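Remember, it's a predicted structure, so these values are computed and weren't measured experimentally. Only this structure's heavy atoms are used, side chains among them; waters, hydrogens and symmetry mates stay out.
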Amino acid sequence: MGACLGVCSLLSCASCLCGSAPCILCGCCPSSRNSTISRLAFTFLLFLGVLVAVIMLSPGVESHLYKLPWVCEGTPSTLGIEGHVDCGSLLGHRAVYRVCFALAAFFFLFTLLMICVKNSKDPRAAIQNGFWFFKFLVLLGIIVGAFYIPDGSFTNVWFYFGVVGSFLFILIQLILLIDFAHSWNQSWLWKAEERDSRCWYAGLFFFTFLFYGIALTAIALMYIYYTHSGACYEGKVFISLNLVFCICVSIVAVLPKVQEAQPNSGLLQASVITVYTMFITWLALTNIPDQKCNPNLPTVANTTSTDPSKGYTTQWWDAPSIVGLIIFILCTIFISIRSSDNKQVNSLMQTEETPPMLEDQQQVVEGRAYDNEQDTVSYNYSFFHFCLCLASLYIMMTLTNWYRPDDVTRKMVSTWTAVWVKICASWAGLFLYLWTLVAPLLLPNRDFS
């Protein structure tokens, strides 16, 4: 009897994965909005692919696979049986490029498929919110097929796709960060006025000084480790320019005219943007292709090679990659679960404020997912998948340290391309934040509330 009940329960849950209807019909799903569950599920697929890429990049997996007899080409065998599998294509940067190519292709396919979906009555909305088992099979098939792509110029061409996609994703990160800082400042100011407590003001001052302190410390460390007297002029220019730009936007944020147009503007947002700008500057400095000016640049001693005669020399992550991975995880989760309270950010990110659910509707859907998009979608399906496509390219560059494969030296090398992309992204981000401050003054007839 218990076995029958268990089978029935599994069949009920399977409707979430294989059914044509959304998860609203499935009691095994949590009590939440259908739109949120769908976004989290797609994000889980992205994280699953990233986990596969991380495992394939691990030097432990690389070394142990080459120790297995009769598997990889070129491995010694006591019985005279040689392996016929090119393990180099299953490991290192080539595996990361192929897995992330599959992820980007998967989400770009959904970007095209979900164009102009207006509400859950559109037949394509059922594909967005259901059929999870089949979508997993499609993703798995694309990943397997990607490993049959011949090397040739694939990695070199896909490197530049990753550079462009990563640049756009960095800007999306900054938009989310600006919105988070504005919401944080507005929330604590409201609580301070509502509860007539100075503790909230003290908290805002504390975190503002903390972020500026972190930024100043980062600047000092970058001058110490990434510059030298009589050399490293590029690094000095990048650090100095971004320092000046951050000071300028901080001053603009507290100007009386700006405060009149935007009362919620303040130094907390400017301090958050300053910290993020210094982080991007640090990432750029770690890609300068000069050993004297870049202590993070790999040497022969700290690299691992799959096959010195054929394979590329690969390197495990460094500190910038680990921090970048953490920020990537936080931003993708943030994209999945939140709609902004700011109309302008919602317009940029193609999301809408979700209307509150009625009490009688809550009773009907209690304990399961409910469809909150019968009238209109709460986020733009196509743009959401495009963001995940860009996230796939960004994580590809992050896992490979933004290095480009060199067919001549058979190594992953750092290039000035990655440096300039990150620096330009930091400048574009500062300009974007500056625009949010001065736009109400330059365009007084538009609503920037």
Side-chain angles (χ1 to χ4, degrees), residues 160 162-182 211-227 232-253 267-290 293-294 296 318-328 330-331 334 345 348 387 390-391 393-395 397-398 401-403 414-438:
Y160 291 102
V163 165
V164 175
S166 299
F167 174 84
L168 297 176
F169 190 73
I170 289 175
L171 295 184
I172 291 177
Q173 287 181 340
L174 189 75
I175 293 174
L176 296 174
L177 197 62
I178 293 174
D179 175 52
F180 171 76
H182 275 294
F211 291 145
Y212 276 122
I214 294 174
L216 291 175
T217 303
I219 292 171
L221 292 176
M222 285 188 289
Y223 272 120
I224 293 173
Y225 290 102
Y226 294 94
T227 63
C232 309
Y233 297 108
E234 297 88 354
K236 295 176 183 178
V237 171
F238 293 151
I239 299 171
S240 301
L241 279 178
N242 281 351
L243 172 60
V244 172
F245 292 157
C246 288
I247 293 175
C248 290
V249 297
S250 298
I251 294 175
V252 172
L267 288 178
L268 176 65
Q269 299 94 311
S271 65
V272 172
I273 300 305
T274 299
V275 169
Y276 186 76
T277 300
M278 292 307 158
F279 167 69
I280 298 298
T281 307
W282 175 46
L283 292 183
L285 295 178
T286 59
N287 278 113
I288 292 180
D290 187 346
C293 304
N294 182 8
N296 295 91
D318 51 10
S321 298
I322 295 175
V323 177
L325 178 62
I326 295 173
I327 293 178
F328 158 80
L330 295 177
C331 284
F334 195 76
V345 174
L348 284 173
C387 288
L390 297 180
L393 298 175
Y394 175 81
I395 196 62
M397 302 303 295
T398 300
N401 298 331
W402 289 71
Y403 293 165
S414 185
T415 64
W416 280 105
T417 302
V419 178
W420 279 107
V421 165
K422 294 177 182 179
I423 290 297
C424 290
S426 68
W427 293 342
L430 286 170
F431 174 79
L432 186 62
Y433 174 63
L434 182 63
W435 173 252
T436 64
L437 297 175
V438 302

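Between Cys387 and Ile172 the shortest side-chain heavy-atom distance falls below 4.5 Å. In this structure the side chain of Asn242 reaches within 4.5 angstrom of the side chain of Trp427, judged on heavy atoms. Trp402 is not listed as a side-chain neighbour of Leu283, based on a closest heavy-atom distance of 4.5 Å or more. The shortest distance between side-chain heavy atoms of Cys246 and Ile273 does not fall below 4.5 Å. Here the side chains of Tyr403 and Thr415 are not in contact, with every heavy-atom distance at 4.5 Å or above. Looking at heavy atoms from C-beta onward, Ser240 lies in side-chain contact with Tyr223 at the 4.5 angstrom threshold. Counting only heavy atoms from C-beta outward, the side chains of Ser426 and Phe245 never approach each other to under 4.5 Å. Here the side chains of Ile170 and Tyr276 are in contact, with some heavy-atom distance below 4.5 Å.
Atom-to-atom distance recorded for Ile219:CD1 and Ile214:CD1 is 12.0 Å, nearest 0.5 angstrom. Summarising the geometry, atom OH belonging to Tyr160 is positioned 15.5 Å from atom CG belonging to Leu393; distances are rounded to the nearest 0.5 Å. Interatomic distance, Ile175 CD1 to Ile178 CD1, rounded to the nearest 0.5 Å: 7.0 Å. Here the NZ atom belonging to Lys422 is positioned 10.0 Å from the CH2 atom belonging to Trp282, to the nearest 0.5 angstrom. A distance of 5.5 Å separates OG1 in Thr227 from CD1 in Ile239, rounded to the nearest 0.5 Å. Taken to the nearest 0.5 Å, the CG atom of Asp290 stands 13.0 Å off from the OH atom of Tyr226.
A donor-acceptor pair under 3.5 Å is absent between the side-chain atoms of Asn294 and the main chain of Pro289, judged by distance alone.
Pairing each heavy atom of Leu325 with each of Ile395, the nearest pair is CD1-CD1, 3.2 Å. Of all heavy-atom pairs spanning Gly162 and Met397, the tightest one is O-CG, 3.5 Å. Val419 and Ile288 make their closest contact through CG2-N, 3.6 Å (heavy atoms, listed as atom of the first residue, atom of the second, distance). Shown here for Gln269 and Tyr433, the closest heavy-atom pair between the two residues is CB-OH, 3.6 Å. The two residues Phe169 and Cys331 come nearest to each other via the heavy atoms CZ-CB, 4.5 Å. The shortest heavy-atom contact between Ala215 and Thr274 is CB-CG2, 3.6 Å.
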Working for side chain to side chain contact (heavy atoms under 4.5 Å, CB included), residues Val421 and Ser166: CA-CA 9 Å; Val421 165; Ser166 299; 5.7 Å; no
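Atom OH of Tyr212 sits in a crowded spot, with more than 12 heavy atoms from other residues, nucleotides or ligands closer than 6.0 Å.
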